[in-house]
Chemist: 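This is the structure I have questions about; it appears just below.
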Protein chains: 2
Amino acid sequence: MAATLKDLSRETGLGLATLSKYFNGGTVREKNRIAIEAAVKKLRYVPNEVARSLKTQQSRVIGVVIPELSNTFITSIISSMEDILRRHDYAVIVCDCRSDAKREKEAVEFLLHRRVDGLINMATDPSGAHLKAALNAGIPVLLVDRLVESLRGKTSAVIIDNIHASLQAVRKLTDLGHRRIGLVLGSPGLYTTNQRLTGYLNALQEAGISPTEDYIRYGDYTMDGGYQAVQALLKLKKRPSALFVTNFEMTLGAMLALQHQNIRVPEDLSVIGFDKLELFGEIFPDLTLIRQPQLSIGREAANLMLDLLSSHDAVSHRIVTLTTELSEGHSVRSLKEPLP
Amino acid sequence: MAATLKDLSRETGLGLATLSKYFNGGTVREKNRIAIEAAVKKLRYVPNEVARSLKTQQSRVIGVVIPELSNTFITSIISSMEDILRRHDYAVIVCDCRSDAKREKEAVEFLLHRRVDGLINMATDPSGAHLKAALNAGIPVLLVDRLVESLRGKTSAVIIDNIHASLQAVRKLTDLGHRRIGLVLGSPGLYTTNQRLTGYLNALQEAGISPTEDYIRYGDYTMDGGYQAVQALLKLKKRPSALFVTNFEMTLGAMLALQHQNIRVPEDLSVIGFDKLELFGEIFPDLTLIRQPQLSIGREAANLMLDLLSSHDAVSHRIVTLTTELSEGHSVRSLKEPLP
DNA sequence: ACTGAAAATACAAACGTTTTTTGTTTCATT
DNA sequence: AATGAAACAAAAAACGTTTGTATTTTCAGT
C-alpha cells in the first residue's frame, strides 16, 4: 500500500542513499530535489518511522507513567511536556496506573518492550522497584514531582522545593500570631507528604511552637480526605486557628467542610491552600495559597529529558528544583489585630 | 546491549523460528521451554516491539488526537480507553492540539509517520480535512463525541444522542410551565453545538413555543463564555425563567454569574446543566443536569477500535450512540405552583 | 524394531530504513 | 584543459523480528 524508499528510487531514478540523505537534511542537487519532491507527492510517500527506529536503534518515543490522568495538576504538566517533546519529534506514550504500584510496574515493562528512549515517572511506588528494569536497560529515567530515595544519584528529577513551600506558608501563619495550626497532608509515606511535613515542623520550631500530634492529619490527597480531615480538626477541644492544606483536591474538600459547618474564612479560621487551578479559582477566589509552576515543571522535564537523550555521557544526573509562590488572598487574618 | 533472539538462539542452541514460535504462543518441547525460560532470565531478553512492528506491518499503537488534555471530560474518556487498549497490548500516543486546527493536522501527520494502526479523534476542525491523509492511508479512523459531516460513511464513531439529551432537558422545563428558556451553546459550527440546538428547537416546537433569538447564546464551551452568556441573558428586558447550559465549564460559569448577581436557583431562575464531574458535584450539589457516560464512551471507543483493527473487511463503519441521563437535582422549579 | 504422521525445528528471505564502500559524474575554479 | 570537491550511483550489510518451506525428530501403533 504505502510507498517506500524503493518506490521513490524507482520513480526518480535516484539511489537509496541519496534519498535517505535528502530526508535526513543532507543536500542534493536542485533538479533532484525537485524530482524527489514531485515523487513524494505523487506516491504519497511518508517515511516509515518504525523501520527508521529499528535501524537507528532509537524509537523517538518517551514513556510517561503517572498515577492518574484525570487530574488537572498532572495533565497540565504533561501537556506542556508533550508540546516540547513533539516539537523535537518525540512521541509520548502516557500510561495511567491509577495510583496502583502493580499497574505501574506493568506500565514500565510495557514501555520497555516498546523500546522507549526515556522514561518520565511520577512515582506511585515509593520504593522505586518498578524502575529497576529501566535503569538496567540503561535508558534515562526522569522523576517528576516525587523523588525516590532508593534511586538517589541514579536518576534525574524535576521537583518543587516542598520544604520551603510549606515553611513559607506556615511561617506566614505564625508571623500573624497563629500558634495552633492544623496541617492536612497527603498519604503517609509519599515523598511530598514527608517533605511538606518537614517544612511545617521547621516553621513551628522557628516560631518556638512545639508540634501537636492532633493537628497533623492525613487526607490522601483526595477531596474527601481533605473534607474528613478538616471535620476531625474541627471536633478537637482546642481547635486550630489556622489550616494549611497541602494539595488542591484536599483544599477544595477543606473549604467545603468549612462551608458546611458555617465557619467563616478568615474570621473564624485562617486557611492557606495549595495549587490554584483555573476553574476553581473563581469559586473560592480569595484563597491564600501556594502555587506550583506546572507549566515550568513540564517544560523543565521535557528539556532535561532531551538533554539526557543527547548527551550519552552516562551518569550526570541533575535534580532541578523549582520554587513555588505564595499567592496572597484574603483567607488569612492576623491574630494580633481584633476583628472589626 | 540488549539481548536479541539471536543471542537466545546461541544460548539455547535452538533456531530462531522455534524461539519466535514460543514467544507467540506456540508449543515447544518441555525441555526447550525450560531452556528458553532460563536463557530469557539470564540474558534479560525482552522482545523488540520495533522489529516486530516492522515485520508484521502493524505498530500496535493507536493515535489519539484531542482538543485539550487539561479537561476532565476528555481525560476520563481517554483513561478508560487507554486501559482497555493497553490490556490488548496497544499503546496509545495522545496528541493535544489545543483546539487548534493546524496543530491537529500536524498531529495526524505525526501519527501517520509513526505508522499508528488506528486513529481516534475528537475533532477540532469540523471540516475533517485533517483526516484525509489517514483515510487515504487506509487506517481506521474513529470519531469520538463529534461527528464530521463530510466524513459520513467513511469513519466509525462513538457519540451521545445530543438531540435527545437536549430535548429531554428542555422538555423537562416546558413541562413545568417554562416558556422563556435561555440556551447556552458552545462554539458555532461544532457538531455538538448544532445538535444540542436542534434538540432545544424540537422541544420548543413540541410545546408550541416559537424560539426567541435573544435567548440563544454561544459561550465557546468555556467557563468565561458561560459567565458572559448568562450575564447577557440576565440583561434582557424579558428575562428567561429557565436556563439550559450545554457543557460543564459553561455550567460552572453560569452558576458563578448567578451567584454574583444574587439570583437564587431555582426560586428566581431554573437551571439545567451538563456533565456532572466528581469534584464540582460537591460545590453545586443540587443541580439538575444531563450526564454523559464518559466511562462508557471510552470503553465503546476502545472496543470499536479493536473491532475495526481485527476485521479487515474494510468498510463496515458503525456509529455507536450512547444515551445520556437526566439527573434530577433541585435547581428546577415548577411555574405551575406558587412559591411557598 | 519399523512405519507413518504429526510435531518440532532449521534455514533463509523479508520488512523499510540507514550507512558504508567503491567508484562515477558534475561543475565551478584555476 | 586540468584540478578538485561535492554530489551521486550501485550494491550490500545491518537492525531484530516473522514466516514459508524444507527437513528432522518424536512417538504411538503395529
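Letters A, B, ... are given to chains in the order of the sequence lines, protein chains preceding strands, and every chain is numbered from 1. What's counted below: heavy atoms across the whole structure, side chains too, no hydrogens, waters or symmetry copies.
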Chemist: Report yes if some heavy atom in the side chain of V92(A) is under 4.5 Å from a heavy atom in the side chain of R86(A); otherwise report no.
Modeler: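 Answer no - side chains too far apart.
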Chemist: May I have the distance from Y22(A) (atom OH) to dT19(C) (atom P), rounded to whole angstrom?
Modeler: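 Rounded to the whole Å, the gap is 18 Å.
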Chemist: Keeping to residues at least two apart or across chains, list the side chain to side chain donor-acceptor pair (under 3.5 Å) pairs with something in residues 143-154 of chain B.
Modeler: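 Checked against side chain to side chain donor-acceptor pair (under 3.5 Å) - neighbours excluded - the pairs reaching residues 143-154 of chain B are E149(B)-R152(B).
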Chemist: What one-letter contact string describes nucleotides 20-26 of chain C from 5' to 3', where B marks a base within less than 4.0 Å of any protein heavy atom, S marks contact via sugar-phosphate atoms alone, and - marks no contact?
Modeler: B------
Chemist: Extract, from 5' to 3' on DNA chain D, the first and final nucleotides lying under 4.0 angstrom from some heavy atom of chain A.
Modeler: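 Contact boundaries, 5' end first: dA7(D) to dG16(D).
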Chemist: Return the value, rounded to whole Å, for the distance between atom CG of L19(A) and atom C1' of dT17(C).
Modeler: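 The distance from CG of L19(A) to C1' of dT17(C) comes to 11 Å, rounded to the nearest Å.
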Chemist: Take the protein atom CG of L16(B) and the nucleotide atom P of dA10(C), then report the distance between them rounded to whole Å.
Modeler: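 For the pair L16(B) CG and dA10(C) P, the rounded distance is 9 Å.
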Chemist: Considering the options K102(B), H130(B), K105(B), which one meets the side chain to side chain contact (heavy atoms under 4.5 Å, CB included) requirement together with D125(B)?
Modeler: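 Among K102(B), H130(B), K105(B), the one meeting side chain to side chain contact (heavy atoms under 4.5 Å, CB included) with D125(B) is H130(B).
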Chemist: Can you tell me how far C1' of dA14(C) sits from CZ of R52(B), to the nearest Å?
Modeler: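 Going from CZ in R52(B) over to C1' in dA14(C) covers 17 Å.
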Chemist: Please name all residues satisfying ring pair (Phe, Tyr, Trp, His ring centres under 6.0 Å) with Y45(A), sequence neighbours left out, ordered by chain then number.
Modeler: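 Listed in chain order: F23(A).
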Chemist: Give, for atom OG1 of T124(B) and atom CG of L190(B), the distance between the pair rounded to the nearest 0.5 Å.
Modeler: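 Interatomic distance, T124(B) OG1 to L190(B) CG, rounded to 0.5 Å: 8.0 Å.
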Chemist: Would you classify Y45(B) as touching base, sugar-phosphate or nothing, given that sugar-phosphate means primed atoms plus P, OP1 and OP2, and contacts are heavy atoms under 4.0 Å?
Modeler: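 Sugar-phosphate: the residue Y45(B), judged by heavy atoms under 4.0 Å, touches backbone atoms but no base.
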Chemist: Check this for me: does any side-chain nitrogen of one of E106(A) and R103(A) sit under 4.0 Å from a carboxylate oxygen of the other?
Modeler: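 Answer for the salt bridge query: no.
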Chemist: Within residues 4-12 of chain B, which residues have any heavy atom lying less than 4.0 Å from an atom of DNA chain D?
Modeler: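 The stretch gives T4(B), L5(B) as the residues lying under 4.0 Å from the strand, ordered by number.
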Chemist: Could you tell me which residues satisfy side chain to side chain contact (heavy atoms under 4.5 Å, CB included) with D7(A), sequence neighbours excluded, listed by chain and number?
Modeler: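 Result, side chain to side chain contact (heavy atoms under 4.5 Å, CB included) vs D7(A): A3(A), T4(A), R10(A), L43(A).
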Chemist: Heavy-atom nearest nucleotide on DNA chain C for R115(B) versus K21(B): which residue maps closer to 5'?
Modeler: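 Comparing both residues, the 5'-ward one is K21(B).
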Chemist: Would you kindly give the CD-to-P distance between E49(A) and dT17(C), to the nearest whole Å?
Modeler: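 Rounded to whole Å, this separation is 10 Å.
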Chemist: By nearest nucleotide on DNA chain D, pick out whichever of L54(B) and T18(B) is the more 5' one.
Modeler: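 Result: L54(B).
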Chemist: By the 4.0 Å heavy-atom rule, please label T56(B) as base, sugar-phosphate, or nothing.
Modeler: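 It contacts sugar-phosphate atoms only.
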Chemist: Would R98(A) and E68(A) count as a side-chain contact (heavy atoms from CB on, under 4.5 Å) if you check the C-alpha gap in whole Å, the side-chain angles of each, and the deciding distance to 0.1 Å?
Modeler: CA-CA 5 Å; R98(A) 312 281 167 90; E68(A) 209 72 59; 3.6 Å; yes
Chemist: Per the side chain to side chain contact (heavy atoms under 4.5 Å, CB included) rule, which among I160(B), N162(B), I77(B) passes with Q292(B)?
Modeler: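 That would be I160(B); it is the only one of I160(B), N162(B), I77(B) passing the side chain to side chain contact (heavy atoms under 4.5 Å, CB included) with Q292(B).
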Chemist: Taking the side chain as C-beta and beyond, is there a heavy-atom pair between L111(B) and L119(B) under 4.5 Å?
Modeler: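 Counting from C-beta outward, L111(B) and L119(B) do come under 4.5 Å.
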Chemist: Using a strict 4.0 Å threshold on nitrogen-to-oxygen distance, state whether K41(A) and E37(A) make a salt bridge.
Modeler: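 Looking at E37(A) together with K41(A), the answer is no, because their closest N to O distance does not fall below 4.0 Å.
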Chemist: Between atom CZ in R114(B) and atom C1' in dT17(C), what is the gap in whole Å?
Modeler: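 Rounded to whole Å, this separation is 14 Å.
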